[in-house]
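What you see is a predicted model, and the numbers here were worked out from it, not measured in a lab. Just follow the structure's listing: the first ligand is 1, and inside any ligand the first atom is 1.
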Amino acid sequence: MNLSDKAGPIGVFDSGYGGLTILRELEKALPEHDFIYLGDNARNPYGTRSYEVVYEYTLQAVLRLFEMGCHLVILACNTASAKALRTIQQKDLPGIDPNRRVLGVVRPSVELVGDLSRTRKVGVLGTSGTVQSESYPIEILKLHPDIKVFSEACPMWVPLVENNEYNGDGADYFIQKNVSQLMQKDAHIDTIILGCTHYPLLKSKIQKYVSSNVTILSQGPVVANRLVDYLQRHPEMDTKITRGNQNRFFTTESVAKFQESAGIFLSKPVLAEHIKID
Ligand code: DGL
């Protein structure tokens, strides 16, 4: 693989639209940096797919973003972070280019949760894949062994968002159901991690079904904060990122469909381009 050493944008990858909730915050935190967003809309959802498939798809996306000039890629997808990140970091990156980096969204939320929870009972809402991977309980146990984690898979939530049905009454049915099931596991949960990048769009509905003293953690601002900190600590990476406030959007699905939905997520018009990554 022949990769250019020239500076390039930061790559942001998600299976679909959810990563736009992360991109939105990254743009605010790093307004001059350039970004490329890649949504694998043709093959999503990832949440119900096996380790092998999520790893294969994610690696393809990362390689494509490297080819497009990115030195740093954020997996703005919990499922990909949970199921593919470690293997890519440990097995693939050293052979591809040891100076490129791929970072995920699980670790930043895990670090923060230790400061937020007073009861030391934390809930995680995520896709079936993220919950089955047990990435959150495993990572939380490493950093905060006194915290007990309760997880709930919410398989209907991504389709509700992807199909733009998340404001309707139908969404309330599924949100209430999963949130109540989580809170039944322990009534003292005081912090809930939205462990899927689609879920910030459902936050106001989720809030309706828990008491007001429960903190609901959206990942966007947390990941953005951590990235700013990372780039300050790694000036050699920061100089590899182009500045020009230019963002490009790529989708593996229909461009028209992507532009319509991405516009809703970002509250601004988006011009997308089609890409093949397999
Ligand atoms: N947005 C992805 C996440 O954060 C999941 C979407 C999907 O299932 O493809 O986990």
message: Taking the ring of F13 and the ring of Y37, is the distance between their centroids below 6.0 Å?
response: no
Proximity of F174 and W157 rings by center, below 6.0 Å: no
task: Using a strict cut-off of under 4.0 Å between a residue heavy atom and any atom of ligand 1, list the qualifying protein residues by chain and number.
output: D14, S15, P45, Y46, G47, C77, N78, T79, T127, V158, C196, T197, H198
query: Is it true that K208 and D172 make a salt bridge, defined as a side-chain N closer than 4.0 Å to a carboxylate O?
result: yes
message: Tell me whether E273 at atom CD has more than 12 heavy atoms from other residues, nucleotides or ligands lying less than 6.0 Å away.
response: yes
query: Does any non-hydrogen side-chain atom of N44 lie less than 4.5 Å from one of E162?
result: yes
message: I need the S109 OG to L194 CG distance, nearest 0.5 Å.
response: 9.0 Å
